[in-house]
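Structure record follows, encoded as structure tokens.
Chain identifiers are assigned alphabetically (A, B, ...) following the order of the sequence lines, protein sequences preceding nucleic acid strands; residue numbering begins at 1 within each chain.
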Number of protein chains: 2
Amino acid sequence: MDEQVPRDFETLRATILDRRESLPKRIAQIAAYALDNPDDIAFGTAASIAASAGVQPSTLIRFAQQLGFDGFTSLQQVFRERLRERNSSYDERLQALRAKAEGGAGHRAIFDGFIAAASTSLNDISRTLDDAHLEDAISLLAKAQTIYVLAKRRSYPVASYIAYALGKLKIRNQLIESAAGLNAEMVGFATPADAVIAISFSPYAPATIEEARAIAEQGVPIVAITDSSFSPLAQFARVWFEVAEADFAGFRSLSATMALAMALTVGVGEKRRDAVRKRKA
Amino acid sequence: MDEQVPRDFETLRATILDRRESLPKRIAQIAAYALDNPDDIAFGTAASIAASAGVQPSTLIRFAQQLGFDGFTSLQQVFRERLRERNSSYDERLQALRAKAEGGAGHRAIFDGFIAAASTSLNDISRTLDDAHLEDAISLLAKAQTIYVLAKRRSYPVASYIAYALGKLKIRNQLIESAAGLNAEMVGFATPADAVIAISFSPYAPATIEEARAIAEQGVPIVAITDSSFSPLAQFARVWFEVAEADFAGFRSLSATMALAMALTVGVGEKRRDAVRKRKA
DNA sequence: GGCAATATGAAATAATAATTCCAATCCATA
DNA sequence: TATGGATTGGAATTATTATTTCATATTGCC
């Protein structure tokens with residue numbers, strides 16, 4: 001009966017967790033230590049690890065053998081592979097990309113710059129987004145009869161994707177475009193039972209600000225996505241999000257804004273479905 | 001005269017690069033190997049590393065001593081610290097996000113899902129994009145009198161951002177929208193001196209395919225962004241890019257496509273500027 | 001071209017670390 | 001509570017690995 005020796009860290013981890021109950025006390029002790037301090041196992045010596053875990057070196061070896069390895073050394077390989085295989089850190093990646101984008105020649109450098117900008121933006125928003133704001137915004141939008149989507153220029157692509165997604169989800173919406181010059185009239189139709197998603201970044205398109213002001217004065221609640229608390233949009237908004245998009249070569253990444261916009265859209269869709277289900281029940 | 005011993009990897013790297021010129025041949029050889037294969041230094045034994053680098057173990061130790069360490073072991077510590085300190089890997093981050101997105105409750109989970117999808121897409125395209133294709137596409141577009149931008153539905157936001165950016169860069173362009181139903185006529189104006197950026201993902205919008213076919217038959221070169229080599233768009237295109245966008249909750253991330261679109265746009269802008277400069281000189 | 005200084009290779013040696021072994025202890029079961 | 005088996009601790013042993021040493025080769029300099 002030869003054991004199946006775990007060759008990668010995840011399998012090893014699973015195996016350990018699986019057998020946890022049946023392990024003798026000291027072995028269990030080192031098993032817990034190993035999963036909690038995998039880096040120590042990767043770098044330490046049998047003696048140093050054993051000391052840190054409060055057991056004898058021989059116990060460490062018995063642990064390894066019980067898992068099917070022929071000794072501590074082969075167990076350690078698995079922990080080392082884990083460190084090796086994991087890609088270079090997020091920051092290193094970004095730094096490398098940015099370095100290539102700045103120093104590098106050719107068009108690949110430009111591409112890398114945009115990738116770096118997008119990654120940075122995603123990273124930032126993932127850290128800074130306030131869950132409560134997200135909930136508030138979704139509640140507000142879910143109650144709306146019609147969702148108006150307001151954005152010009154560089155923010156317009158986001159608005160058009162929101163409109164597309166809302167349409168797919170069968171949520172009534174109205175994209176306020178400038179093409180026909182009928183924006184004032186469109187805006188006039190909105191009532192306090194509706195809601196607006198407004199998106200604008202510095203330098204704020206005057207039309208967006210004007211329309212947001214008008215619509216806010218009609219009592220229509222606004223969810224704003226903008227780039228600072230000084231943004232005029234933030235003044236009019238019931239809920240607003242600060243999204244810091246990195247830029248490259250003068251063009252802002254839209255990836256963070258897009259992600260937020262999609263989360264709002266799909267969130268509203270889910271909330272509506274839940275509401276319907278509740279009403280039925 | 002006591003040396004300043006580098007204690008972190010970055011300092012060490014700088015020190016090595018700084019002295020590179022003045023190092024003896026074999027020492028330089030191992031120095032280069034160390035910077036190229038830092039993971040091997042972190043985990044290997046003096047003998048194994050020396051063998052991989054094609055030198056004697058003693059050379060490795062001399063290298064360490066020349067840097068101010070008292071032996072290979074202390075040099076190795078620096079390489080180990082580097083692995084320890086670097087943040088959790090990119091993949092681990094993504095996995096965590098995806099886990100939260102799948103298991104998690106509430107709308108934050110949705111948001112995390114979109115962030116994860118966007119990150120994955122950026123990661124993928126960064127790995128797979130072919131530099132030569134990028135150069136080809138940019139050359140082709142830079143020569144065009146007018147750049148037509150063709151995309152419907154979920155790809156439309158990308159097209160609108162391209163149009164916006166081209167406009168900013170004062171590059172003549174025409175967005176082929178469906179609003180007025182004049183697409184056939186618009187397409188008819190294009191000549192072989194122009195070019196098209198066409199974007200379409202499965203399920204391909206029939207209108208996009210039809211217009212792409214028509215325009216290709218007029219001899220207008222097409223740069224396509226699509227999702228597989230089986231895409232009908234790829235048939236008509238002079239240059240085409242395969243972009244695998246991850247999706248979440250049924251909506252595709254656009255971040256990779258956006259990054260590529262921006263790189264094309266800005267690349268064309270640069271190429272035009274260069275051409276103008278050359279003509280002046 | 002010859003000399004000194006420096007660099008390199010290879011093997012011997014010292015250090016360190018993993019593993020084994022055995023006695024002591026613990027624990028479950030009758 | 002006695003007994004057998006499993007578990008553990010600690011030291012002895014073996015293995016691996018870093019380091020040192022010294023002979024040889026190379027390089028720069030006069």
My understanding is that only residues two or more places apart in sequence, or in another chain, count here; which of them pass salt bridge (charged side-chain N to carboxylate O under 4.0 Å, His left out) with [X]?
X      : result
B:D274 : B:R277
A:D40  : B:R84
B:D131 : A:R108

Among pairs that include at least one residue of residues 116-141 of chain B, which meet ring-ring contact (aromatic ring centres under 6.0 Å, His included), considering only residues two or more places apart or in two chains? none
Residue pairs meeting ring-ring contact (aromatic ring centres under 6.0 Å, His included), one or both in residues 247-281 of chain B, sequence neighbours left out, come to B:F114-B:F248
Go through DNA chain C in 5' to 3' direction and return only the first and the last nucleotide with some atom under 4.0 Å of chain B's heavy atoms. C:dA7 to C:dA10
Please give me every residue in residues 72-80 of chain B whose heavy atoms get under 4.0 Å of an atom in DNA chain C, ordered by residue number. none
Ring pair (Phe, Tyr, Trp, His ring centres under 6.0 Å) with B:F43: which residues, sequence neighbours excluded? A:F43
Whether each nucleotide of nucleotides 4-12 of chain D has a protein heavy atom under 4.0 Å at its base (B), only at its sugar-phosphate (S) or at neither (-) is summarised, 5' to 3', as ---SBBB--
What residues, two or more places apart in sequence or in another chain, satisfy side-chain hydrogen bond (donor to acceptor under 3.5 Å, both in side chains) together with B:S155? none
Quick one: pull up OG in A:S74 and CG in A:L67 and give me the separation to the nearest 0.5 Å. 10.5 Å
Length of the line joining B:I61:CD1 and D:dC22:C1', which is rounded to integer Å: 15 Å
Partner set under side chain to side chain contact (heavy atoms under 4.5 Å, CB included) for B:Q29, not counting sequence neighbours: B:R26, B:V55
Residue pairs passing the salt bridge (Lys or Arg N to Asp or Glu O under 4.0 Å) test with at least one member in residues 118-129 of chain A, sequence neighbours excluded, are A:D124-A:R127
